[in-house]
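Residues take their numbers from the sequence shown, with the count starting at 1.
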Amino acid sequence: MSKSFANKVVAERLVLKSVNKYTSGTLQLTGLTNNSISSWVNLHGLEKNSEIELILKEISELCHRMSDRSKEAFESIDDRFLEGISHKIPTLIDLLKDKFK
């Protein structure tokens with residue numbers, strides 16, 4: 001297994017764990033695909049393109065880029081994307097706390 005794929009899985013699990021701390025059972029986010037995120041947003045009655053949805057989709061894109069090996073020969077991408085995800089999670093958690101009090 002490549003390091004970038006393993007890092008992607010770790011990052012996705014961290015995000016899902018952070019989000020699902022505020023929801024339970026069938027109300028939990030099941031993945032970081034656009035469809036999963038959109039379904040979760042609808043399920044919770046969040047506005048389309050809410051800040052929570054946008055952050056989740058940004059993180060989703062960063063995770064996807066982590067496993068996209070096409071640029072790996074030219075630049076090291078893992079650390080940059082992991083850092084980007086790490087910086088977004090606290091903001092996401094604050095928004096979730098406000099929404100799911």
Side-chain angles (χ1 to χ4, degrees):
M1 180 179 341
S2 74
K3 178 183 173 191
S4 58
F5 181 77
N7 285 343
K8 174 189 174 192
V9 171
V10 168
E12 286 178 342
R13 286 180 180 165
L14 179 61
V15 173
L16 291 174
K17 183 178 178 181
S18 297
V19 171
N20 290 333
K21 179 179 177 183
Y22 299 95
T23 58
S24 62
T26 59
L27 300 176
Q28 291 190 324
L29 181 61
T30 58
L32 291 182
T33 65
N34 280 338
N35 287 341
S36 293
I37 293 167
S38 294
S39 294
W40 183 84
V41 165
N42 289 334
L43 185 64
H44 287 284
L46 298 173
E47 288 185 33
K48 182 146 179 64
N49 296 319
S50 66
E51 196 170 357
I52 291 173
E53 180 180 15
L54 294 176
I55 289 174
L56 285 171
K57 287 186 175 181
E58 283 180 55
I59 291 171
S60 172
E61 178 64 24
L62 290 170
C63 286
H64 174 73
R65 288 183 186 177
M66 285 175 64
S67 64
D68 179 2
R69 300 181 60 106
S70 63
K71 294 183 180 180
E72 198 166 6
F74 302 103
E75 58 185 280
S76 175
I77 59 174
D78 290 349
D79 294 338
R80 185 182 58 192
F81 291 121
L82 275 175
E83 190 174 302
I85 292 167
S86 296
H87 287 355
K88 291 186 182 307
I89 290 175
T91 302
L92 177 62
I93 289 172
D94 288 343
L95 292 166
L96 291 166
K97 284 179 183 175
D98 287 344
K99 174 64 182 171
F100 297 103
K101 294 179 193 181

**OP:** Using the salt bridge (Lys or Arg N to Asp or Glu O under 4.0 Å) rule, take Glu61 and Arg65 through it: C-alpha gap first, then chi angles, then the decisive distance, then the call.
**Re:** CA-CA 6 Å; Glu61 178 64 24; Arg65 288 183 186 177; 3.1 Å; yes
Subject >> Side-chain heavy atoms of Ile93 within contact of Ile89, under 4.5 Å >> reply: yes
**OP:** Could I get the full list of side chain to side chain donor-acceptor pair (under 3.5 Å) partners for Ser50, not counting sequence neighbours?
**Re:** none
**OP:** Without swapping roles, check the side chain of Glu53 against the backbone of Asn49 for a donor-acceptor pair under 3.5 Å.
**Re:** yes
Subject >> Path from Leu54 to Ile85 over hydrophobic side-chain contacts below 4.5 Å >> reply: no
**OP:** Apply side chain to side chain contact (heavy atoms under 4.5 Å, CB included) to Gln28 and list each qualifying residue two or more places apart in sequence or on a separate chain.
**Re:** Asn20, Thr23
Original post:
Between CD1 of Ile37 and OG1 of Thr30, what distance do you get to the nearest 0.5 Å?
Top reply: 9.5 Å
**OP:** Give the minimum heavy-atom separation between Gly31 and Leu16, together with the two atoms involved.
**Re:** N-CD2, 3.9 Å
**OP:** Any chance you could pull the hydrophobic cluster mates of Leu27, using side-chain heavy atoms under 4.5 angstrom and chaining through other members?
**Re:** Leu43
Original post:
Do any pairs count as a salt bridge (charged side-chain N to carboxylate O under 4.0 Å, His left out) and have a residue in residues 24-52, sequence neighbours left out, and if so which ones?
Top reply: none
Original post:
For Ser36, which residues count as a side chain to side chain donor-acceptor pair (under 3.5 Å) partner, sequence neighbours excluded?
Top reply: Thr33
Subject >> Any pair counted as salt bridge (charged side-chain N to carboxylate O under 4.0 Å, His left out), so long as it reaches residues 12-39, sequence neighbours left out >> reply: Lys8-Glu12
Subject >> side-chain hydrogen bond (donor to acceptor under 3.5 Å, both in side chains) contacts touching residues 88-99 (sequence neighbours left out) >> reply: Glu58-Lys88
Subject >> Atom pair CD1 (Ile55) and OG (Ser60), whose distance is rounded to the nearest 0.5 Å >> reply: 13.5 Å
**OP:** With sequence neighbours excluded, tell me which residues meet side chain to side chain contact (heavy atoms under 4.5 Å, CB included) with Val19.
**Re:** Val15, Leu29, Trp40, Leu56, Leu92, Leu96
